[in-house]
Every structure is written in C-alpha cells, then in structure tokens.
> 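Next up is a structure, given as structure tokens.
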Protein chains: 2
Amino acid sequence: MELDERKLQILRAIIDEYILSANPVGSKAIRQSAELNWSPATIRNEMADLEALGYLAQPHTSAGRIPSDKAYRLYVDQMLQRAGLSEREQAILDGYYRSRIDGIESVLRSTAKALSEITHYTAVVMMPDMAVNRLRHLQLVPLSEGKALSVIVTDAGVARDAVIDIPRDMTAAELEDISRTITQRCYNCRMTTVAERLVHEIGAELQSRGDFLKTLLARVEENAQSGTNMVEFSGTRNMLRFPEYSDVEKATTFLATVEQRDAIYQMLRKASDMEFTITIGSENEQEGLQDCSVVTATYRVNDMPFGTFGVIGPTRMDYNRVISVLQGVQQNLTSILQSFLKED
Amino acid sequence: MELDERKLQILRAIIDEYILSANPVGSKAIRQSAELNWSPATIRNEMADLEALGYLAQPHTSAGRIPSDKAYRLYVDQMLQRAGLSEREQAILDGYYRSRIDGIESVLRSTAKALSEITHYTAVVMMPDMAVNRLRHLQLVPLSEGKALSVIVTDAGVARDAVIDIPRDMTAAELEDISRTITQRCYNCRMTTVAERLVHEIGAELQSRGDFLKTLLARVEENAQSGTNMVEFSGTRNMLRFPEYSDVEKATTFLATVEQRDAIYQMLRKASDMEFTITIGSENEQEGLQDCSVVTATYRVNDMPFGTFGVIGPTRMDYNRVISVLQGVQQNLTSILQSFLKED
DNA sequence: CTTTAGCACTCTTTTCGTTCGAGTGCTAAT
DNA sequence: ATTAGCACTCGAACGAAAAGAGTGCTAAAG
C-alpha cells in the first residue's frame with residue numbers, strides 16, 4: 001500500500017485540524033474543514049489505511065483519529081510551508097529589541113521572551129558558547145586577602161567572572177601584571193587554546209607563580225564552558241494552556257524536565273550543527289519531552305555558528321508558524337549581533 | 001469576647017491541622033489530632049466564636065473551618081516556634097554549596113535551589129544590590145569600531161557588563177587610559193557616588209572626552225541598578241503540587257505573576273530593611289499573590305544588608321519550618337559570603 | 001453557668017445507571 | 001471505485017440517589 005496523493009491530502013487535513021483543535025478528528029469534520037470532495041465513507045476507508053500504515057492512531061474505537069509522530073515527521077519533511085514573520089510578530093520582536101540592550105546575553109533573553117510571546121509555546125535560548133570565541137581581555141581584581149575576581153571578556157562581547165583563590169602574598173600590582181601579560185600574549189586566541197599558549201609562552205616569564213597560573217587556567221577553562229545558567233527559558237507556563245497538560249501531573253513532569261537545565265543545554269548543543277532541527281515526540285532522547293516537539297535554529301555571527309535557540313511545544317504544535325517565526329527571529333538576531341560585533 | 005487560652009489552643013490546632021491537610025477541619029478531627037480534651041460540642045461552640053471574631057471561615061455550611069489570613073497573622077506573631085535546620089536539611093544545603101561556587105551569584109543561585117528543595121515551596125533570591133557596594137575596577141574593552149564592553153567589579157566580588165557605544169576615533173590605548181584613571185580615582189567609592197566624583201575630579205583631566213564620559217556614567221549607573229535578571233526563582237513548579245493550585249487557571253496566574261520579575265524584585269527590595277518579614281495572603285500588595293504568603297530574610301556582609309531571599313508558598317504554608325529554614329540558610333549564607341569578602 | 005450528648009439538617013462528594021452523540025466498520029447499491 | 005445506509009461501540013454528559021462530613025441547636029448533666 002502506497003501513500004497516494006489522496007491519502008496525503010487527507011493526512012494533511014487531519015494534521016492541520018488536529019493542530020488547531022487538539023481533538024481527534026473524524027471523517028465528517030475533515031470534509032468540511034478541508035473542502036475535500038470525497039464522501040465520509042471514502043475518507044474513512046483511507047483513514048483506516050493510514051492507520052494501518054502507522055500514520056494515524058485511534059484513542060478508542062468510536063473516536064476520530066490523531067496523527068502519530070510518524071505523521072508529523074512526514075508533515076514537517078514534505079508539507080511545510082514557510083512564511084516570514086507577520087507584521088504583528090515583527091512588531092512584538094521589535095518591541096523587545098528596542099528596550100534596554102546591554103549585551104549579547106540581554107539580547108538573547110529578550111529573544112526568548114519575544115519567542116514565547118509570539119508562539120505561545122516555551123522558548124529556550126542557549127547562551128553563546130565561549131569555546132569558539134577569542135580572548136579580548138583577562139582581568140584579575142583583588143577582593144580580599146587570598147581572593148580575587150577573574151573576569152574574561154571575549155570578542156563576542158561576553159564577560160564571565162569567577163571568584164578565585166590567589167596566593168596570600170600576591171600583591172595587587174602583581175595581579176595587574178599577570179592580567180596584562182596574559183591579555184597581551186593571548187589576545188585573540190581561541191578560548192580553547194589560551195591554556196596551551198600560556199603554558200608554553202608565559203611559563204618562563206611568570207615562572208615563580210607557576211602553581212597559581214595552573215589553577216588559574218583550570219578555572220578559566222571551566223569558567224568558559226560553565227554550563228550553569230547557560231540556557232534561558234521563557235514562557236514555560238504557556239504549556240499549561242494546552243489541553244495535553246490540563247492534567248497537573250503531566251504539567252509538573254514537563255516543568256521538572258525543563259528545570260533540569262543541563263539536559264536541555266546538551267540537547268541544544270547537539271542541535272548547534274544544524275541551521276534548523278525539528279525533533280518530534282518520541283524522537284526526543286530526553287525523558288519527559290516524549291510528548292513534546294522541539295524546534296531549534298542556530299544563529300551565526302561572522303559565519304560562525306554561535307548559539308542555538310528554539311521552541312518547545314506539544315507534538316501537535318503549529319510547525320508552519322514555528323518554523324517561520326524561528327527563521328524570522330534568526331534573521332533579526334543575526335543582524336543585531338552583527339551590528340554589535342562586526343569584525344574589525 | 002476575648003481570645004482566652006482555650007480559644008487559642010483550638011485555633012492553633014486548627015491551623016496546624018489545616019497546614020498539614022489542606023482540608024477544612026472539623027470539631028472531631030481537631031480533638032483527635034491535637035489531643036484536646038473538650039468535647040466536640042464545646043469545640044464547635046468555640047469555633048463559632050472564632051469565626052465571629054474573624055479568625056475562621058467556613059467554605060460552606062456543612063464543612064469544617066479554615067483559618068483566615070488574620071488567624072495566620074496571629075499564628076506567626078504569637079505562636080511561632082523556631083528550630084534550626086534539621087540534619088537532612090543541612091545536608092541538602094551543604095550539597096549545593098559544595099558544588100562549583102564561582103562567585104556570589106552562583107552561591108545565591110545554589111541557595112535558591114536548596115531552599116526550594118528543602119521547603120518544597122518556591123524560592124526566590126535577590127541578587128546583591130550594587131548601589132551599596134564600592135567600585136574596585138572598571139574596564140573598557142574595545143570590541144569593534146564604535147563599540148566597547150564596560151565591565152564593573154565591586155568589592156562584593158560582583159561583576160556587571162554592558163556593551164556601550166564609544167566615539168569612532170577612540171583608540172584602545174585611550175580606553176585603557178580612561179579605565180585606569182576611573183579605577184584609580186574612584187577606587188572604593190560607593191557606586192552611587194562614582195558619577196559625582198567623576199564629574200568633579202576627572203572632568204578636567206579627560207575633558208576632551210566629556211560627552212563620552214557622560215554617557216558612560218549614565219550607563220554605569222543604569223547598569224549597576226539594572227533590575228533585569230536581578231531576581232532568581234527556583235521550584236516554581238512546586239506550587240503545582242498543592243491542592244490550592246490543582247486548578248490550572250490558578251496555577252497559570254501564579255506562574256504569570258512570578259514571571260513578572262520586576263514586581264517581585266520590588267517586593268524584595270522593600271523587605272530588605274528587615275531581617276525577616278512574613279506577608280500573609282491579602283497583605284500582599286502584588287496582585288496574584290493574594291493567596292500566597294511570602295517569607296523573606298535579609299543576608300548581611302560586614303554588617304551591611306546585602307540582599308534578600310525568601311520563600312513563596314500558599315498561605316497555609318508551614319511557617320514554623322519555613323522560618324527555621326530561612327534562619328538557618330541565612331546563617332550559612334552569611335558565613336560563606338563573609339569568607340569570600342572579609343574586609344581587608 | 002459551663003459542658004456535653006443527641007439529633008435533625010445542610011451541603012458536598014461519590015456512585016451508578018441512563019442517555020446522547022460522535023464516529024466507526026461493514027454491506028450493499030451505484 | 002465510490003458512496004449511502006445502518007448497526008454498533010464507547011466515551012462524555014446528565015441526573016438522581018446515597019453517602020458522608022460537619023454543623024447548630026436543644027436539652028440534660030455537671
């Protein structure tokens with residue numbers, strides 16, 4: 001049995017309708033909503049076939065059909081219709097971008113908020129991954145005896161800080177000296193290579209402080225990739241509006257999954273090779289997202305993939321709109337970040 | 001009609017029971033659970049009195065009584081029994097504090113997580129308010145033509161950064177120069193006075209860049225108090241577990257209120273005068289928290305109030321435990337921060 | 001005068017059977 | 001190959017009845 005044109009049309013109509021209503025859709029409903037001119041009986045026959053092929057499922061004998069994950073997969077692979085941002089959507093986005101913007105992270109946070117407001121799903125953004133960026137400045141600021149704050153600034157305009165231990169006899173001047181030396185020597189090095197370079201080139205120069213430098217490097221590296229707080233959510237509560245989460249139990253597991261930021265971060269990292277990804281229901285490895293779909297987009301600066309953001313919603317999410325919105329936001333985001341960071 | 005000893009005992013028993021069960025409590029239930037030796041009839045009479053006095057309410061004629069906000073107020077004012085952290089609770093807290101700690105903000109985030117795990121309510125922490133802190137370092141790092149990143153470090157070990165516009169002809173050396181000058185001149189000034197001082201003392205020195213300095217100052221000031229992301233929540237989903245939020249509608253409004261971070265931030269700021277505050281139900285000004293109670297504690301470093309954290313839960317929260325936990329956490333937090341930042 | 005046993009009453013919650021309706025699969029006619 | 005017709009299935013909605021929890025009041029007991 002093959003998927004002929006009619007079966008596809010019917011399947012599509014069912015998916016469209018189900019996305020809209022969240023209710024199992026029957027043969028009559030389809031005919032009306034999609035203006036298909038076959039009789040309900042014919043449609044029923046086709047639906048039985050589609051079920052046998054695994055594209056549809058029936059919650060119980062006397063209910064309509066709901067699309068399976070396999071159906072959504074087909075839908076997004078073959079039936080997607082991309083559009084741009086609507087005027088209203090662009091306006092919302094602009095609104096967020098017009099407000100105080102004081103760095104990449106705040107742009108990204110605003111992006112998350114806009115995304116969740118526009119789509120009414122849960123939005124998630126990954127903060128830029130420092131590993132691919134280049135060092136612009138390292139500053140060690142003395143705090144108290146034995147403690148200092150290390151601040152790293154990258155070419156992407158991202159700063160990260162951490163309290164570190166320093167030898168008790170280290171002076172402010174010495175810290176300043178180390179800061180300057182490292183900054184000069186490693187200027188424009190990728191964060192991943194700062195450590196090597198330091199060991200090779202500076203070792204001799206600052207030899208007396210070898211031990212300290214080693215721990216410092218370890219901290220810098222750790223700091224650069226620190227996964228905590230590397231992912232920001234917005235609109236998690238939107239999920240509660242959907243009938244699939246009217247059961248508080250389900251809503252709670254969803255929120256628990258999301259509060260587990262690490263897992264989501266890993267997911268986005270994996271997605272960061274691809275310009276777009278769509279992961280449907282059971283395709284999600286992450287436990288607790290099996291009833292969700294995740295759509296991601298990766299933004300770039302100077303043609304380097306920079307970070308990933310996305311939308312999480314029920315499997316019956318409006319893929320057309322979500323993909324359109326993500327694409328639009330991706331463009332907006334790219335151009336804003338570009339204006340921050342144009343190569344000089 | 002007065003509140004004699006018996007009425008108080010009964011009221012207390014009702015509150016204790018209601019906190020535990022969330023169900024209206026009747027005259028029999030009380031007698032059993034609290035081992036009060038009056039007959040149900042007597043207790044009923046007293047309950048009628050307590051209702052007349054406004055301490056109890058009846059959802060409907062044939063139900064038990066539930067405590068009013070007024071009752072909780074009496075309860076927390078007169079009947080609170082503080083205890084320390086239990087061993088289990090201290091262990092949870094230690095667990096969070098043992099993990100990567102790379103600065104005040106991460107300590108605070110861990111605190112929020114621990115608090116929500118320990119209490120099973122929603123925890124909230126306010127990030128330290130820079131206004132009271134002193135400048136340790138200001139660094140301007142060039143990013144691209146016309147853009148730089150300004151980084152401020154305070155004596156509290158907190159760094160804030162913002163992308164700023166700079167004159168197109170400004171060189172890296174000049175930026176470095178300005179950074180050094182400001183750092184030297186304003187070292188250990190309160191953030192609130194940095195602006196003044198700059199205008200008075202440095203104006204002459206860096207006069208040619210007067211305009212730039214003015215905008216820079218404005219940005220610094222704005223940056224120091226920037227309210228965004230100044231408050232961190234943990235365990236908002238815990239609220240869904242409580243029967244008072246089994247209605248998805250209510251849960252949604254709660255989450256919406258919380259996602260409105262500004263309002264909560266203002267609330268915590270107001271609470272930051274007091275070592276502890278307890279705000280019960282309708283006492284909350286914030287719309288959407290009328291069915292919640294908020295308990296806050298303020299942590300100090302070097303005897304300066306530094307920031308505030310707290311717990312949000314249903315009005316029938318376990319005030320005894322929450323206050324005990326907050327007190328314990330406050331002590332732990334104070335000693336950790338002190339170790340970071342001891343005056344030198 | 002206070003306390004308590006007893007009881008009728010109220011109001012919600014639960015249960016259970018019935019009906020209703022949406023949708024199906026099959027059969028037979030077109 | 002398509003479609004009209006029809007019997008059948010099964011959840012959702014409804015409603016009456018029963019159960020249950022708790023009260024307020026009255027009158028008796030301490």
Side-chain angles (χ1 to χ4, degrees), chain A residues 1-11 13-18 20-68 243-244 246-247, chain B residues 1-11 13-18 20-68 243-244 246-247:
Chain A
M1 190 161 32
E2 290 276 308
L3 277 179
D4 55 22
E5 177 58 24
R6 188 169 67 185
K7 283 192 175 58
L8 284 175
Q9 274 188 50
I10 290 173
L11 182 55
I14 292 176
I15 296 178
D16 282 337
E17 180 63 22
Y18 186 68
L20 216 66
S21 72
N23 292 318
V25 351
S27 47
K28 266 188 196 167
I30 270 184
R31 201 168 107 111
Q32 287 174 4
S33 75
E35 298 182 350
L36 301 180
N37 281 322
W38 301 286
S39 79
T42 309
I43 294 178
R44 275 204 294 281
N45 285 330
E46 296 288 41
M47 284 165 76
D49 289 351
L50 285 167
E51 181 167 0
L53 289 167
Y55 291 105
L56 293 178
Q58 226 175 351
H60 54 84
T61 335
S62 70
R65 304 299 211 291
I66 63 177
S68 67
E244 29 273 85
S246 61
D247 177 16
Chain B
M1 189 161 34
E2 290 275 308
L3 277 179
D4 55 23
E5 177 58 24
R6 188 169 67 184
K7 283 192 174 61
L8 284 175
Q9 274 188 49
I10 291 173
L11 182 56
I14 293 175
I15 296 177
D16 282 337
E17 179 63 22
Y18 186 68
L20 217 66
S21 72
N23 292 319
V25 352
S27 47
K28 265 188 197 165
I30 269 185
R31 201 167 107 114
Q32 285 175 5
S33 74
E35 298 182 349
L36 301 180
N37 281 324
W38 300 287
S39 80
T42 308
I43 293 178
R44 274 205 293 281
N45 285 330
E46 296 288 42
M47 284 165 75
D49 288 352
L50 284 167
E51 181 167 0
L53 288 166
Y55 290 104
L56 295 178
Q58 227 176 351
H60 54 83
T61 334
S62 70
R65 305 296 214 290
I66 63 177
S68 67
E244 28 276 84
S246 60
D247 177 15

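Below, chain A is the first sequence line, B the second, and so on; all start at residue 1. As a basis for the values below, the full set of heavy atoms in this structure was taken, side chains included, without hydrogen atoms, waters or symmetry mates. It should be emphasised that the depicted structure is a prediction, and the values quoted were computed from it without experimental measurement.
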> Looking at B/Asn37, I'd like to know if its CG atom is crowded, meaning that more than 12 non-hydrogen atoms belonging to other residues, nucleotides or ligands lie closer than 6.0 Å.
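Atom CG in B/Asn37 is not crowded, with 12 or fewer foreign heavy atoms closer than 6.0 Å.
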> So what does B/Thr61 touch, heavy atoms closer than 4.0 Å: a base, only the sugar-phosphate, or nothing?
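Answer is sugar-phosphate: B/Thr61 comes under 4.0 Å of backbone atoms only.
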> If you compare every side-chain N and O of B/Arg6 against the phosphate oxygens of C/dT2 (OP1, OP2), does one of them come in below 4.0 Å?
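False: B/Arg6 side-chain N/O out of range (4.0 Å or more) of C/dT2 OP1/OP2.
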> Taking the minimum atom-to-atom distance to the side chain of B/Thr42, which one of D/dT2, C/dT10, C/dT4 wins?
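Of the options given, the side chain of B/Thr42 lies nearest C/dT4.
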> How long is the line joining CG of A/Asn45 and C1' of D/dT3, in whole Å?
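Going from A/Asn45 (CG) to D/dT3 (C1'), I get 9 Å.
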> Without decimals, in angstroms, what is the distance between B/Lys7 NZ and C/dT3 C1'?
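Going from B/Lys7 (NZ) to C/dT3 (C1'), I get 14 Å.
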> What is the distance, to the nearest angstrom, from the CZ atom on A/Arg65 to the P atom on D/dC10?
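My rounded result for the distance is 14 Å.
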> Does D/dT9 have OP1 or OP2 sitting under 4.0 Å from an N or O in the side chain of A/Ser62?
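No, outside the criterion.
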> So which heavy atom on B/Ala63 is nearest to which on B/Gln58, and how close?
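Looking at all heavy atoms of both residues, the closest pair is O-NE2, 3.2 Å.
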> Rounded to whole Å, how long is the line connecting atom CG of A/Asp49 with atom C1' of C/dT24?
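After rounding, the gap between these two atoms is 14 Å.
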> Using a 3.5 Å distance criterion without hydrogens, assess whether the side chain of B/Ser68 forms a donor-acceptor pair with backbone atoms of B/Gly54.
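The answer is yes, because a donor-acceptor pair under 3.5 Å joins these two groups.
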> Nearest whole Å is fine: how far is C/dA5 P from B/Lys28 NZ?
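Answer to the nearest Å: 12 Å.
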> Are there more than 12 heavy atoms of other residues, nucleotides or ligands under 6.0 Å from atom NZ of B/Lys7?
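Correct, the count exceeds 12.
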> Here's a test of your reading of the structure: between A/Gly26 and B/Arg44, which maps to the more 5' nucleotide of DNA chain C?
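Nearer the 5' end of the strand: B/Arg44.
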> When you measure from the side chain of B/His60, which nucleotide among D/dT3, C/dC11, D/dG24 comes out closest?
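It is C/dC11.
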> Rounded to the nearest Å, what distance is computed from the CG atom of residue B/Asn37 to the P atom of nucleotide C/dT4?
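Whole-Å distance recorded here is 9 Å.
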> Among C/dT24, C/dA5, D/dG24, which nucleotide has an atom closest to any side-chain atom of B/Ala48?
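In terms of side-chain proximity for B/Ala48, the closest of C/dT24, C/dA5, D/dG24 is D/dG24.
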> Find the distance A/Asn23:CG to D/dG11:C1' and express it as a whole number of Å.
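That distance rounds to 13 Å.
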> Exactly one of B/Glu46, B/Glu51, B/Glu17 should register a salt bridge (Lys or Arg N to Asp or Glu O under 4.0 Å) with B/Arg65. Which one does?
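So, applying the salt bridge (Lys or Arg N to Asp or Glu O under 4.0 Å) to B/Arg65 and each of B/Glu46, B/Glu51, B/Glu17, only B/Glu51 qualifies.
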> What is the distance, to the nearest angstrom, from the CD1 atom on B/Ile30 to the P atom on D/dT23?
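Distance check: B/Ile30 CD1 to D/dT23 P gives 8 Å.
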